[in-house]
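Each chain gets a letter, A, B and so on, in the order its sequence line appears, and its residues count up from 1. The shown structure was predicted, so the numbers you read here are calculated from the model rather than taken from an experiment. All heavy atoms count here, side chains included; hydrogens, waters and symmetry mates do not.
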Number of protein chains: 2
Amino acid sequence: MRLVVATCSARYTGRLNAHLPLATRLLVVKADGSVLLHSDGGSYKPLNWMSPPCTLKTTTPDDDAAARGVTQVWTVQHAKSDDRLEIELHDVVHDSEHELGVDPGLIKDGVEAHLQALLAEQILLLGDGHSLVRREYMTAIGPVDILARAPQGGHVAVEIKRRGDIDGVEQLTRYLDLLNRDPLLAPVRGVFAAQEIKPQARVLATDRGIGCLVLDYEAMRGVDDAESRLF
Amino acid sequence: MRLVVATCSARYTGRLNAHLPLATRLLVVKADGSVLLHSDGGSYKPLNWMSPPCTLKTTTPDDDAAARGVTQVWTVQHAKSDDRLEIELHDVVHDSEHELGVDPGLIKDGVEAHLQALLAEQILLLGDGHSLVRREYMTAIGPVDILARAPQGGHVAVEIKRRGDIDGVEQLTRYLDLLNRDPLLAPVRGVFAAQEIKPQARVLATDRGIGCLVLDYEAMRGVDDAESRLF
DNA sequence: AGCTACATTTCGAAG
DNA sequence: CTTCGAAGTGTAGCT
């Protein structure tokens, strides 16, 4: 990994055209050839970058560029597309190289899958008398997150999201259309479950007779821990 | 901006819990306090990070950690949430600080807005005899990208995306339901226009009687340039 | 390889 | 200030 701090300007051409005026920035060249161009703020997203696979070519500036104060020209060309990043470096403040080795990678815990597992265990959150049929109930257009038997007959199809957006309601609607054609399952009611449900999504769901269930992840995990401790 | 290259392990707790085993990585501390933890590959996305506003506190390890080889402990706490990033540094290979100043920011050109403008100018791409009513035609549930008059009466509602996905078809369907209730507009046909239309989206659109139009951005821009040059 | 859904998404614009 | 859609999205999982 090579780290360079320098005043530079940059131009990207590819899926769009973009230009960065002259300023001091951090340039990171990774082992796979990818290049990041970071400013001293913002978020984790670079101002400009080139994703691998790509190749970096460093050249000396032509007379015109040299007259403008350019000392190095970096051309980063993507291997499989016409995407190209051109960087003109002026003053180089820092330049160092480091051997990092392969990274073992990130280990995650606590996403949608976990919510699904917890709700399957705590199926009564749908209301008394409900019982789990199964998680990932397969249909022709994809798996329903949770299918449960309703207390007065019929079933409940549950769509789970971390953030309940309008497209989640659309997805559940498609499942319900299909499931209600099955006489062994019908009538199938829909429940849209999420840690947070957007107002527009709630309106659309209610309008279609779909129930909304806000999930408290911490509380559900607490119940899970308490149950685990009993055994 | 502070740059550190060190062997380290990290733990993130917040919206999820994640853990990074010991390895050599780049740590970037930006002027706004945000921290990025990069490996020597992947993409522009860090393995772990903390977005601003947040504060970094550097402490010395306790005896237990010191025995494991930890020389520094970084605790990055988000200012408005419980998000927290804890980094244990072992061997520090590099550590430098740099003054970068404010960045003028990126100048972009060539996104969906441009596609919309070009299609509005080249409305005959919808077929001979079409004429533009207006861009961003307002409805109760949002603006339709383009509304045009059809040659044999009635209208055409166009939804424009760079990448034509299934949710774009859903969006257009909602507009069409609404627009067709207006006797001054009906019948309103739908056209789904995008640089690239996903197979699933095309199937759904066709099933609903919505036309698909693949837009060639370069060609459309070429026509635009040619027209501009005449004046 | 292609496609789908998720993301600690981030980012920007509009209401 | 929220809300909502786009992104040069990236990424993982599955067919």
Side-chain angles (χ1 to χ4, degrees), chain A residues 10-18 34 37 42-52 54 76 78 81-85 105-106 108-113 115-116 136 138 141-143 145 159-163 165-168 170-171 194-203, chain B residues 10-18 34-37 41-52 54 76 78 81-85 105-106 108-116 136 138 141-143 145 159-168 170-171 194-203 217:
Chain A
R11 184 199 306 264
Y12 164 76
T13 56
R15 273 161 283 192
L16 60 72
N17 300 318
S34 59
L37 217 161
S43 68
Y44 68 66
K45 195 175 182 180
L47 291 165
N48 252 327
W49 71 94
M50 184 60 71
S51 308
C54 62
V76 194
H78 196 266
S81 71
D82 291 332
D83 287 29
R84 175 193 285 256
L85 180 61
L106 187 67
K108 287 186 186 182
D109 165 52
V111 274
E112 191 196 310
L115 275 177
Q116 190 191 107
E136 303 283 352
M138 209 54 206
I141 57 172
D145 287 339
E159 175 66 33
I160 299 174
K161 295 282 178 212
R162 204 177 64 75
R163 274 174 44 192
D165 230 327
I166 205 161
D167 52 349
E170 297 288 6
Q171 193 179 336
Q195 281 187 282
E196 176 201 355
I197 297 181
K198 291 291 174 69
Q200 278 207 352
R202 183 179 289 273
V203 169
Chain B
R11 184 207 319 248
Y12 164 76
T13 55
R15 275 161 284 193
L16 60 73
N17 300 318
S34 60
V35 176
L36 314 183
L37 217 161
S43 68
Y44 66 68
K45 193 176 183 179
L47 292 167
N48 252 329
W49 71 94
M50 182 62 69
S51 307
C54 62
V76 193
H78 196 266
S81 72
D82 291 332
D83 288 30
R84 173 194 286 258
L85 181 61
L106 188 68
K108 286 188 184 180
D109 165 51
V111 272
E112 191 197 311
H114 200 183
L115 274 176
Q116 191 191 103
E136 303 284 352
M138 207 55 206
I141 55 171
D145 287 339
E159 175 67 33
I160 300 174
K161 296 280 177 212
R162 203 178 64 73
R163 273 171 43 192
D165 230 328
I166 206 162
D167 52 349
E170 297 286 7
Q171 192 180 337
Q195 279 188 285
E196 175 200 356
I197 296 181
K198 292 291 174 67
Q200 278 207 350
R202 183 180 290 273
V203 169
Y217 179 64

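Nucleotides of DNA chain D nearest to Glu196(A) and Gly42(B) differ in position, and the one nearer the 5' end is that of Glu196(A).
Legend: residues meeting side chain to side chain donor-acceptor pair (under 3.5 Å) with Ser81(B), ordered by chain and number and at least two apart, are His78(B), Asp83(B).
In this structure, the CH2 atom of Trp49(A) is 11 Å from the P atom of dT11(D), given to the nearest Å. The NZ-P distance, from Lys161(A) to dT9(C), rounds to 14 Å in whole Å. The NZ-C1' distance, from Lys45(B) to dC11(C), rounds to 14 Å in whole Å. dT8(C) atom P lies 18 Å from atom CZ of Arg11(B), rounded to whole Å. The separation between Asp145(B) atom CG and dA6(D) atom P is 8 Å, rounded to whole Å. One can place CZ of Arg163(A) at 10 Å from P of dT10(C), the figure rounded to the nearest angstrom. Regarding Glu170(B), its CD atom lies at a distance of 13 Å from the P atom of dG5(D), rounded to whole Å. For the pair Lys198(B) NZ and dG2(C) C1', the interatomic distance rounds to 9 Å; values are reported in whole Å.
Of the possible donor and acceptor atoms, one in the side chain of Asp145(A) sits under 3.5 Å from a partner among the backbone N and O of Ile160(A).
No contact: Ser81(A) has no heavy atom under 4.0 Å from any strand. No engagement by Asp165(A) is indicated, since no non-hydrogen atom pair under 4.0 Å with the nucleic acid exists. The residue Gln171(A) sits apart from the nucleic acid: no heavy atom pair falls under 4.0 Å. Contacts of Met50(B) with the nucleic acid, taken as non-hydrogen atoms under 4.0 Å apart, are absent.
Considering all non-hydrogen atoms of both residues, Ile166(A) and Ala201(A) come closest at N-CB, 3.9 Å. Annotation for Leu37(B) and Pro46(B): closest pair O-CB, 3.5 Å, computed over non-hydrogen atoms.
Separating the CZ atom in Arg11(A) from the CG atom in Asn48(A) is a distance of 11.5 Å, to the nearest 0.5 Å.
With a cut-off of 3.5 Å on both pairing distances, dG8(D) has no Watson-Crick or G-U wobble partner at all.
If you take atom P in dC11(C) and the same atom in dT11(D), they sit 16 Å apart, rounded to whole Å. The separation of dC4(D) from dG8(D), taken at their P atoms, amounts to 22 Å, rounded to a whole angstrom.
Of the listed nucleotides (dG5(D), dA5(C), dT8(C)), dT8(C) has the atom at the smallest distance from the side chain of Tyr12(B). Comparing dG8(D), dA7(C), dC4(D) against the side chain of Arg162(A) picks out dA7(C) as the nearest. The side chain of Tyr44(A) sits closest to dT10(C) out of dT8(C), dT10(C), dC6(C). Closest to the side chain of Ser51(B), from the set dC4(D), dT8(C), dT10(C), is dT10(C).
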